[in-house]
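Hydrogens, waters and symmetry mates play no part in the numbers below; they use all other heavy atoms, side chains included. All chains are named by letter (A, B, ...) in the order of the sequence lines, taking the proteins before the strands, and each is independently numbered beginning at 1.
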Protein chains: 2
Amino acid sequence: MSNSTPATIEDVARIAEVSIATVSRAIHMPEKVANSTRLKVNQAIAITGYTTNAMARSLRLGRSNMILVVAPDIGDPNFSNILVGLENEARAHGYGILIGHTQNDAQRGLEYLKFLNSNQAAGLILFTGILPFGHQTMTARLPPSVGVFEPVFNGGIPYVGVDDTEGARKAVDLLLAEGHRKIAFIGDSRTRLAYTRRRMGYDAGLDAAGISPDNRIVLEGDGTIESGRHAVEQLFMRDTLPTAFMCVNDQTAIGVMVGLGARGYDIPRDFSVTGFDDVPQAVFISPPLTTIRQPRTAIGKQAMALLLELLSDGRPTETEILLRPDLVVRNSVSAPSRNWSKR
Amino acid sequence: MSNSTPATIEDVARIAEVSIATVSRAIHMPEKVANSTRLKVNQAIAITGYTTNAMARSLRLGRSNMILVVAPDIGDPNFSNILVGLENEARAHGYGILIGHTQNDAQRGLEYLKFLNSNQAAGLILFTGILPFGHQTMTARLPPSVGVFEPVFNGGIPYVGVDDTEGARKAVDLLLAEGHRKIAFIGDSRTRLAYTRRRMGYDAGLDAAGISPDNRIVLEGDGTIESGRHAVEQLFMRDTLPTAFMCVNDQTAIGVMVGLGARGYDIPRDFSVTGFDDVPQAVFISPPLTTIRQPRTAIGKQAMALLLELLSDGRPTETEILLRPDLVVRNSVSAPSRNWSKR
DNA sequence: ATGATGTATGTAAAGGTTTACATAAGGCCC
DNA sequence: GGGCCTTATGTAAACCTTTACATACATCAT
C-alpha cells in the first residue's frame, strides 16, 4: 500500500463497506459499534495503513493535541530533565510537545502567543515565572496553563515545583548543625518568587536557631556564575565575613566557589558553600557541591498531568503542587574552622 | 473585542466589506490586491484581532508548519544547544518545533511516526543517527528529513554536523605534538558513524607521525562515563599502557579521568586525556578537559536551514554539511612524564 | 465602436474529520 | 399485529482556509 497520498477515512470506509461515520465511531467510540463491524473497520485500517489526519481532526474539534512549552532558555540545565517528564506524560496521553524559548524577550513571547491564538496548542506550560506576553493578552484568552519550576508571577496560574522554602530550610539547617552561625544568603533577583521563598527558608532556619537579624548577610544578584563570583568580592570589601555561603541556586554557588578559590581559599576547610537545584555539573565541580535536589522529572510529569486534567475538566483550579526537595550532601560543607568575623 | 470564540476570516471579510478570498489574498499575496482594499482588510484584522487558524490552513495546504525533532535523549548535554539553533532558525521562518525522544526504543519511534503520518509535521530532524522507526517505514513515506549531530546510518538522509575526522585529527595532533607516542583511542560503538570517523582521524594522525599500527590501542564501549572507567580497568590488565587517552566523547573522557583518579594517578602529570564535544561539564571537572568543540548552535541553525530549503525546493539533495571543529585546550594534556610501557 | 488584454474581486469547491439528526431494523409487550 | 424502545448505521453539515475559475470593469489599440 505504498500509495503516494495517505489513506483517508473514506478509503477505510469503502474497503470496510461502511460509512465514514461508522469508521470514526469504530475508532473513537468502539462500544457504539457492532463487533462484526468493528472488525471489518479494523481490518480496513490495517490494509490501508490509515492514521487520522490530525489537522482535520483538530479543526473539527476546535482543539489541538499539542501543548506549548515556553522557557526562557532551552539550554538551562534544569530545563531538559523537566522536559523529559513533561514529554513522557504528554505522549502517554496522545499529546505532543511544542517548544519555544523567549530568552526573556517579550517580542519572542508574542510570537509564541500566535501558536496559541491560531489553535495550534491546546495548553501551555510556562517555565518563565511570568506571562511572557506583554500586556496584549488578557488571561481570559489564555488556554489552560500550568507554571513549572518557577511560580508564575502574574496571572494566577497553577504551579508545580519544588517546595523552595522547605528546601532552603534543609540547607540552612545543615549549615547550622555543622556549627555555622554566620551564614550569608546569596540570592538572585527579588522579583523572582523562588528567591523570596528560599529566602524565607533561610530566615526561618536562622530564627529557629535564635540568630538575630543583625547577624545575617543577604546579597542579591542575577543567579549566574558571574554573579556568585561578584558576591564574594563584595563580601571581602566588608569588615565581616560569613563562614558559610548559602546560595539561591547552583550557578551562584559555583560562582562563589570560583571566587573563593581565586583568593586561595579551600572549600570546605575555609568556607562552606551550599547550592540549590542539583544541576548536573554539581557533581563534577571540585569539591562536589552539597545542594538541594529538585525532582525534575517528577515535576515535569506532575505538571503535565495537572494540565491534562485542566484540559479535560475545564475547571479553572488554582493549585500549587509542591514536591519534596532532598538534601544531597557532597563535599562543600564542613564545620567552620575559624572565625572570620575578626580578621 | 474579548469575544469568546476567536475571529475567523469571515468576520474580517464582513467588517472590511470584501469577500473572504480577498482577505486571504490581502494576507498572503498582498500585491494582488488594491491598496485601498488592503488597507480596509488590515484595519478589520486589527479590530478583530484575527489570526489565521493554523489547523484549517494546514488542512487546506496539506502541509503543517511544524518540524518534528526526534532525539534519543532530550537530557543529553549536546542536545539543548543544538535545539536552540534549530528553534531560532525555525521560528524565523514561521515554523514551530515539535519534540520527541525515543530513548533508543523502537516502539517510541513508531509513536512519533504517527505525528508524521497524521500530517502534523512537515519535516523531520533526526538526532538519533538511525531511522528510529523499525522497518515499517519505507523512506519514501518520510517527509523531508535532515540528520544532525550524528550521521544517519540508514536512509540516505542529508546530514549537518561537525567534521569528526578533522576534529579527531586535531586532538591526536596535539597529543603527538606534546610528545606522546603511545595513544589509546577509547571509542564507543562501532555502529556509530561518528565513532568510525573519529577513529579515522586518530589513525590518520598516527600514520602521519609514522607510528605503526602495533603501537595503537583501540577499545570500544558505549560512550558513557561508566564505559570510560571500565576502559581504564581493562587497560591496566594489559602489559602495556598508553601515555594518553584520546576519547571518542567527553563522557568517556570523564570516565577515564575518574578511573585514573581512583587509582591515584594525577592528570595531566601521569596521563593525558582528551575528549570530544565540549559538553558544559568539561570546564568544571578537574582538571578541566581539553577537548574538541562542536559548534552546536551553528549546527542546529544550518540543519534547520537545510531542511527548510528541502521543504520549499522539494529537491531531494543528499548533502553532508561538515562544520569546523575547534580544539579547546584546557588542562588535561601535558607532555608524557614517564614510559608506562615497561612498568 | 469593437475586441483584446489586464486588473481586482467574488463564488464555490475542496481538504478530512466529527457528530447531531434521521433512518432502519430488531425485540418486546400488550 | 401494532406501537414502542433500543441499537446500529447512514446522511449531511460544520470546522476555516486557500485557490481555480468566473465575473466585472477599465484601458488600450485598432
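For B/V33, whose side chain is taken as the heavy atoms from C-beta onward, the closest listed nucleotide among D/dT18, D/dC16, C/dT9 is C/dT9. Looking at the side chain of A/T22, the nearest of the listed nucleotides C/dT19, D/dT18, D/dT9 is D/dT9. Here C/dG16 is the nucleotide among C/dG10, D/dG10, C/dG16 with the atom lying nearest to any side-chain atom of B/L59. Across D/dT18, C/dT17, C/dT9, the shortest atom-to-atom separation from the side chain of A/Y50 is found for C/dT17.
Residue-to-nucleotide contacts include no donor-acceptor pair under 3.5 Å from the side chain of B/R60 to the base of C/dG16. A donor-acceptor contact under 3.5 Å is not formed by the side chain of B/R57 with the base of C/dG15.
Across all strands shown, B/S24 has heavy atoms under 4.0 Å from base atoms, whether or not it also approaches the sugar-phosphate. Among the atoms of the strands shown, only primed sugar atoms or phosphate atoms (P, OP1, OP2) are found under 4.0 Å from some heavy atom of B/A34. Heavy atoms of A/T8 sit under 4.0 angstrom from primed sugar atoms or phosphate atoms, though from no base atom. Counting non-hydrogen atoms under 4.0 angstrom, A/T52 reaches the backbone sugars and phosphates but no base.
Taking atom CD1 of B/I9 as the reference point, atom C1' of D/dT17 lies 6 Å away to the nearest angstrom. Taking atom CG on B/N35 and atom C1' on C/dA8, their separation rounds to 12 Å, with Å as the unit. Atom pair A/K32:NZ and C/dA20:P shows a separation of 11 Å (rounding to whole Å applied). Remark: P of C/dA14 and CG of B/N119 are 19 Å apart, rounded to the nearest angstrom. Between B/N117 atom CG and C/dT17 atom P the separation is 12 Å, expressed in whole Å. In this structure, A/M55 atom CE and C/dG16 atom P are separated by 13 Å, rounded to whole Å. In this structure, A/R25 places its CZ atom 15 Å from P of C/dT17, rounding to the nearest Å. Taking atom CD of residue A/E17 and atom P of nucleotide D/dT9, one finds them 13 Å apart after rounding to whole Å.
For D/dT9, the OP1/OP2 oxygens have a side-chain nitrogen or oxygen of A/T37 closer than 4.0 Å. Contact annotation: B/S19 does not reach the phosphate of C/dT11 (side-chain N/O to OP1 or OP2, under 4.0 Å).
Looking at A/T37, its side chain never comes within 3.5 Å of a backbone N or O of A/V33 through a donor-acceptor pair. Put simply, the side chain of A/S36 never gets that close to the backbone of A/A34: no donor and acceptor are under 3.5 Å apart. Under a 3.5 Å cut-off, the side chain of B/T52 and the backbone N or O of B/A54 do not form any donor-acceptor pair.
Using a 4.0 Å cut-off between charged side-chain N and carboxylate O, B/E111 and A/R91 make a salt bridge.
When only modelled atom types and interatomic distance are considered, B/Q294 and B/N81 share no side-chain donor-acceptor pair under 3.5 Å. A donor-acceptor pair shorter than 3.5 Å cannot be found between the side chains of B/N119 and B/R63.
When the nearest nucleotides of DNA chain C are assigned to B/V18 and B/A56 by heavy-atom distance, the more 5′-ward of the two goes with B/V18. Residues A/I20 and A/E31 each lie close to DNA chain D; by heavy-atom proximity, the contact nearer the 5' end of the strand is made by A/E31.
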